[in-house]
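Since the structure comes first, as structure tokens, the remarks are kept for the end.
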Amino acid sequence: MSAPEQGPKIKYGENAPKLDRAQLQFMKLIEEQNLDRVQKLKRIRRNNLLTAGALGVSVLAIYGYSIFSVQQEKFLDDFEEPKKVSTN
């Protein structure tokens with residue numbers, strides 16, 4: 001982990017609590033579990049952003065197609081059939 005991702009460094013000085021081996025192992029276990037949790041949340045966030053992007057593009061594509069279709073229909077509505085010339 002890089003420096004910005006880690007928590008702040010705490011200086012206990014002379015009154016630092018003495019931790020036994022079991023407590024240190026438990027702390028390492030909790031740190032590993034927390035790291036796994038953070039990685040899982042980052043993966044979920046990335047997947048959510050990709051899904052949101054895909055949905056947004058889909059919505060814009062449907063909107064664009066709808067606008068294009070309406071313009072094409074107006075063009076066809078404006079089309080006047082040529083007048084028939086009757087030969088006498």
Side-chain angles (χ1 to χ4, degrees):
M1 289 178 22
S2 65
E5 293 178 7
Q6 293 180 349
K9 300 291 182 186
I10 298 174
K11 296 181 181 177
Y12 288 109
E14 295 177 6
N15 59 357
K18 303 298 179 191
L19 301 175
D20 61 353
R21 184 179 175 104
Q23 289 175 332
L24 291 174
Q25 287 178 348
F26 183 69
M27 285 175 56
K28 286 182 182 181
L29 175 67
I30 296 299
E31 287 176 358
E32 289 174 6
Q33 289 175 350
N34 190 40
L35 184 60
D36 291 340
R37 182 185 63 85
V38 168
Q39 289 174 348
K40 180 181 176 185
L41 289 174
K42 284 183 181 180
R43 185 173 56 248
I44 289 173
R45 180 180 170 93
R46 187 195 72 221
N47 289 345
N48 286 345
L49 289 174
L50 289 174
T51 302
L55 288 173
V57 167
S58 299
V59 166
L60 290 175
I62 292 171
Y63 178 75
Y65 177 74
S66 299
I67 295 297
F68 176 74
S69 313
V70 168
Q71 288 177 350
Q72 197 171 21
E73 287 178 11
K74 286 181 182 177
F75 172 75
L76 293 174
D77 289 342
D78 290 342
F79 182 73
E80 295 179 15
E81 292 183 26
K83 296 181 179 179
K84 295 183 179 178
V85 178
S86 61
T87 55
N88 289 355

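- Residues passing the side-chain contact (heavy atoms from CB on, under 4.5 Å) test with Asn48, sequence neighbours excluded: Ile44.
- Lys40 NZ to Leu35 CG: the interatomic distance, rounded to the nearest 0.5 Å, is 14.0 Å.
- Contacts of Arg45 classified as side-chain contact (heavy atoms from CB on, under 4.5 Å), with partners at least two apart in sequence or in another chain: Leu49.
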Cut-off 3.5 Å, no hydrogens considered: what does the side-chain donor-acceptor table look like for residues 50-61, sequence neighbours left out?
residue, atom, partner, partner atom, Å
Thr51, OG1, Asn47, O, 2.9
Ser58, OG, Ala54, O, 2.8

Taking only distance into account, with no hydrogens and no angle test, what donor-acceptor pairs under 3.5 Å do side-chain atoms of residues 19-31 form with protein atoms, sequence neighbours excluded?
residue, atom, partner, partner atom, Å
Asp20, OD1, Gln23, N, 3.2
Gln23, OE1, Asp20, N, 3.3

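- Tyr63 belongs to a hydrophobic cluster whose remaining members, ordered by chain and number, are Ile67; membership requires side-chain heavy atoms of ILVMFWY residues under 4.5 Å apart, directly or through intermediates.
- In this view, Glu32 satisfies the side-chain contact (heavy atoms from CB on, under 4.5 Å) rule with no residue, not counting sequence neighbours.
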